[in-house]
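Have a look at the structure below, then the notes.
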Amino acid sequence: MTFPEKIVLDFIPAVGACLSIVDIFFLWKKEHSSHIVGYHKWFYSCSELMVWINIIFFTKRGGSHHIVFNRVLCFWWIPKAILAVLYLMTKISSFKVSICITESLVVLLNISFGIAINVIRIKRPSYKNSFLEDPLLSNGVDLEEGGYQDLESGGNFWDLMTFNFITPVMNHGVVKQLDSDDLLPLPTDMGPSSCHGVILSCWQAQLSNNGSNSSLFRALCSAYGWPYLRLGLLKVINDCIGFAGPLLLNKLIQFLQQGSVNWDGYLLALSLGLTSIIKSFLDTQYTFHLSKLKLKLRSSIMTLIYEKCLRVNLAERSKFTNGEIQTFMSVDADRTVNLCNSFHDMWSLPLQIGVALYLLYTQVKFAFVSGLAITILLIPVNKWIAQLIASATEQMMKEKDERIRKTGELLTYIRTLKMYGWELLFSSWLMDTRSLEVKHLATRKYLDAWCVFFWATTPTLFSLFTFGLYALMGHQLDAAMVFTCLALFNTLISPLNSFPWVINGLIDAIISSRRLSRFLTCPEDKFKVGNKSSCPPSFLSEQPDSVQGLGVFIQDACCTWSSSEEQVLNMVLNRVNLSVSQGSFVAVIGEVGSGKSSLLYSILGEMQLVRGSIYSNESIAYVPQVPWILSGTVRDNILFGKSYDPERYTDTLKACALDVDVSLMIGGDMAYIGEKGVNLSGGQRARLALARALYHDSAVVMLDDVLSAVDVQVARCILYNAILGPLMQRKTRLLCTHNIQAISSADKIVVMDKGHIKWIGNSYDFPINSCTQFSPLNEIDSALQNHGQSCSPNLSSKSEEHSLLGTSIVRALEGAEEIVEVELRKEGKVEIGVYKNYAVFTGWFMTVIICLSAILMQASRNGNDLWLSYWVDTTTESSQTRYSVSFYLAILCLFCIINSFFTLVRAFSFAFGGLQTATKVHNKLLNKLMNAPVQFFDQTPGGRILNRLSSDLYTIDDSLPFILNILLANFVGLLGITIILCYVQVFFLLLLLPFWYIYSRLQWLQFFYRSTSRELRRLDSVSRSPIYSTFTETLDGSSTIRAFKSEKTSYTEIVASLWLSLRLQQLGAFIISFIAVMAVVGSRGSLPINFGTPGLVGLALSYAAPIVSLLGSFLSSFTETEKEMVSIERTLQYMDIPQEEQTGGLYLNQDWPNQGFIEFQCVTLKYLPSLPAALCNLSFRIAGGTQVGIIGRTGAGKSSVLNALFRLTPICTGSISIDGVDIKNISVRELRTHLAIVPQSPFLFEGSLRDNLDPFKMNDDLKIWNALEKCHVKEEVEAAGGLDLLVKEGGMSFSVGQRQLLCLARALLKSSKVLCLDECTANVDIQTASLLQTTISGECKGMTVLTIAHRISTVLNMDNILILDHGKLAEQGNPQVLLKDDTSIFSSFVRASAM
């Protein structure tokens, strides 16, 4: 048994028994002196004695502990303590101080024992069960480690009450920058997996009972309701003890007025301090346990949202934008968690107000009704304001969702946007959304300001009306009554001020929990309801008898991308029938937009199945057309959660032709890959995604056009070594492709056409006329057809050697530190410059107005109270009043008006200043990001930037102004109290000197805590970025849940703040005791200095009482402000990022370039100084109006040529000129707007198709339709809904091939003399590709066209080709001339592609 437990089980019962014996003795004495003592008093005292004796008896017997710690008995102590408090209130009315103190001590023992015994029962696992259920081993004890897992459960009682267990973290925080290893270990029940298990079972119960009407709120109640209600009991006791202060104050002032000389005064003075000390312990314990519960809730909600994203299919998820889902994670989760604060406050605040009003009634009788009337009149006003705030919040959240979605889109496609020169256009659209968001935020802030005004002026109005009416009723004001009332008004301030925030918090939480419920209830199971057909659609995971031996079976399936809520269903697949034998290889072919990818998605269950049935093996691996790459090492991407098998891993790398690439990376397979594979070439991304599918050894492997991203030789090797190789030999393989070798090797060919299966059969029966549509052979010299042979090992190794790493972005990786910079975290205190910057954003004039109005507001309140004390003294000193009651009331009224005016000014100036800051910070941050070079976005994960623009910006919009307002109010409040106390009691000045000494000498009180808490907030912000990054990646693909590190940080941060709060409150309790004792000493006349009139003494005592809460509140709000200021600090970091050179001396004509002559002279380009050159001393000339093909192996530097031309990456040496103008003399943005490009990754944004094709509205509809017709995509657009068709986020409304065609149409509309095509026909079938070639050669006559291509057929008819190798020019010339030369590199390429 620990020492504190011995105190609880031995000492407290012994003291209780002694007090009971004393009580019985006094009763006996009373009866002996002929006083009648009721039987109930004897019974009460004797039963109290029996209880304590029984406790002592049972605790001394080792085996009987379970009786003392029985759950029912432990619970019995809680109501007993509450009833004892009510009993005490009846005793306090009698003015016998000795009786009051004795009874208080008895009640205090009951409360202490009740709390302690419950804490011990919860903390000690062996007491959790009754002895019949006693486990052989205690829960929570690890046999191997031989102790408790965490400090909290292993620490002693005193350490838990005083939070001493955080001291080691504090010591670290002072001497060094904290990292996650220094933090407190999380209690086992607070781990994300534990929290997720609890909430998941409750949420599933909700779903099974209520279906789509399930409520997250109800699930949270069933998961954490009981612990939360138990905390409510602690809050009741804490609130009740809060009213002991004003009552003791009343007794003390009465004592001082009577001028008695007995010791009662000292007892009262010390009791005043003692209640403050008890309240400080209860306060911090309540906050601690509530904060722990909030962390569990937050973790539960975040893991629930995360898991939902992984489970819900793409069709259902289309109801929500990515921005909306990210807001669920960042904002709605936090708001729902804040329900914990608001919900208890909803009953606690009215209770506190009710008790305060009752006590006011005892002082001023019915005069308090006038004050109450003011309060009641304000309730409907506040309710109306709250409703307006709720609707403004809902509107604001919608705009916030849209802004975060647009921001995510902007960050994802920033490279493409910069190539188009559209970044300013996009940022202006984003600014428009932001201005709408700020408009609703402004509505909310100004309504909040009215709330603050009404509630802040209430106490002053209350005192004016109450004392005014009391005086007008003919009563005389006396010090005890007035200052007891003032103390009660002060206890009213907090609940009255908090009430609007509580209502707002509750409204926010309800709105957010509804939003989350809507997302969490969207269907994720694979059975859909509301079918048009008689046979219900079904995804069969169990293998029925009819499909024995089949890997995939589709029967009469109709699928759509519409969600289950949409009425109009646009069928993408119509009456599809397909059966695929296990272990067979199926090639799915068809024109662009024929439904090839949708067929694979339907098998995955990502589409809504309207009728029919689909069966597939549960073990599926899938490689999408746009490869999904995880931020992490190469090995992480391939293993993807599976255990490492060296042999299979090596075989996988070889089969995917990745072994040479990996061996060239610095760090090998442990080299870090940036977000979305930003530092890999398109071909490497495709092969890495294929390697993941291959390694996972799934029964069904579905590959969506993986061969189009790599050159012909690598494609051939992947086909024969991976897809047809030993690792996939017995697997069911479905490949969407345009590759003729893959089609001819397939066991079965499926031809798709407009959502139907047009033809199924094997390659021998494949119609000849269809073959020519997909085969490029007719374009190549027929003599080359004789070279058909299998991919020999020599060729394979040769191809692997040539597939040198190199990239469109980085050719050799330098490891994680080089590619993705570690997120910077500032050290030390938040610099004064950060506060200065905040003041600059707010505006210096507004800052001065805010500070001045706050000071004058406080001054008018203190003046109000001083005038009251003067009124009391002038009416009691002489029998005749010096002035009439109306004069006193007029002055009081004047103070009240002045106070109201300055309160209003402060509230509105704060709201205005906060909005100014929110607008300026966002605009400046966005502006800096838009002008940042592409390299910054390559090295910085999007999650990090999104964290600044969502989480940090939310803090700057909402939390920071709120906490700054509280800080300012606390500061001027403390200042006012200090000045009044110094004026009233000279000895308080003597107390200030040692206090100053304590503050300067023991600076660890604040430095110790502040340095730790600041570092914790920075660590918390940094640890959230990976959550947003991983979450963003999850929305793009699928991932496993990462550790949520930020919970550990928050836990340590909470303990650190409570550690300080407790010590400050103890300090405040000492001040109260000091002032009270000094008042008693002064009243006896034993000191040379007179303490003034009873009115002033009463004022000093009523001012000393709130010092405890105010001192704690001031430092916690100061620290909270410093922590919230970290958000400003973090946004300022990104206002200091490198910027692209926008200046250029040359003014260009509108029609520049008019010839299209391009010249590279000795160009060398490096992506990072530490990396090898991507282009080495490259020189070539391209004549104006010619069509040039750029070919080479994967990573030869083809895309780097375009990067250099568009100045995405600055060149190290050499020069590039267009029409004789050196491009470095042209402004970057202007250069890009004069060139046209179709990027490697097609880009469509959410908006109308017209806006996508012509965002600057430079062309009429006729021109747009002509461009679409030339790109062979007009029919599909007409069928989908014309130019006003709403394109979904990321262009999901179209297939990848169609997206590329739309991007080509966009480029043709630009009508520039220089057109760059980066693999623009990679994802289209060969027939469409050849039509496009005809279009390009016909429409682009007189234009310079640079085409990067993997298909040899694409460049055969061009004027010129450039063959690159390792960033150098290996060969240049006319393709027809080079084809005739058997020794040329080009002819070897053609031979390889014909095989």
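Checked against side-chain hydrogen bond (donor to acceptor under 3.5 Å, both in side chains), Arg1232 has the following partners two or more places apart in sequence or in another chain: Glu1140. Annotation: side-chain hydrogen bond (donor to acceptor under 3.5 Å, both in side chains) contacts of Thr1164 (sequence neighbours excluded): Thr1213.
Proximity of a side-chain donor or acceptor of Asn1360 to a complementary backbone N or O of Gly1189 within less than 3.5 Å is not detected. With hydrogens and angles disregarded, a donor-acceptor distance shorter than 3.5 Å links the side chain of Gln1139 to the backbone of Lys928.
Remark: the Gln1161 side chain and the Glu1159 side chain contain an N/O donor-acceptor pair separated by less than 3.5 Å. Using modelled atom types, one finds no donor on one side chain facing an acceptor on the other under 3.5 Å when comparing Asn739 with Thr737. In this structure, a donor-acceptor pair under 3.5 Å is present between the side chains of Ser597 and Asp704. In this model, a donor atom of one side chain and an acceptor atom of the other lie less than 3.5 Å apart for Tyr1167 and Asn1203.
Using a 4.5 Å heavy-atom threshold, the side chains of Phe1160 and Arg1181 count as separate. Inter-residue side-chain proximity for Ile1218 and Phe1157 is flagged as unmet; no heavy-atom pair is nearer than 4.5 Å. The side-chain heavy atoms of His738 and Lys596, taken from C-beta on, include a pair separated by under 4.5 Å. Contact check for Phe1245 versus Trp429: side-chain heavy atoms found under the 4.5 Å cut-off. When side chains are defined from C-beta on, Val634 counts as touching Leu688, because their heavy atoms get closer than 4.5 Å.
Between Asp661 and Arg687 there is a salt bridge, since a side-chain N of the basic residue sits under 4.0 Å from a carboxylate O of the acidic one. No salt bridge links Lys1198 with Asp1318; every basic N to acidic carboxylate O contact stays at or beyond 4.0 Å.
Between Phe1243 and Tyr413, the angle of the ring planes lies from 30° to 60°, which puts this pair in the tilted group.
Note that CG of Leu1244 and CD of Gln1298 are 10.0 Å apart. Values are rounded to the nearest 0.5 Å. Put simply, CG on Leu1178 and SG on Cys1162 are 9.5 Å apart, with the number rounded to the nearest 0.5 Å. Atom CZ in Arg1306 sits 9.0 Å away from atom CG in Leu1249 (nearest 0.5 Å).
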*asked:* Walk me through whether Arg1299 and Asn1252 qualify under side chain to side chain donor-acceptor pair (under 3.5 Å).
replied: CA-CA 11 Å; Arg1299 280 179 242 166; Asn1252 266 279; over 6 Å; no
*Should Asp1254 and Lys1263 be marked as a salt bridge (charged side-chain N to carboxylate O under 4.0 Å, His left out) after you check the CA-CA gap, both sets of side-chain angles, and the distance that decides it?*
CA-CA 10 Å; Asp1254 185 24; Lys1263 276 188 181 174; over 6 Å; no
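Partner of Ile1348 under the side chain to side chain contact (heavy atoms under 4.5 Å, CB included) criterion, chosen from Leu1364, Leu1202, Val1238, Val1355: Leu1202. Among Leu1205, Ile1223, Asn1225, the single residue meeting the side chain to side chain contact (heavy atoms under 4.5 Å, CB included) criterion with Leu1231 is Ile1223. Checked against Leu1362 for a side chain to side chain contact (heavy atoms under 4.5 Å, CB included), the options Leu1346, Ile1190, Val1201, Ile1191 give a single hit: Ile1190.
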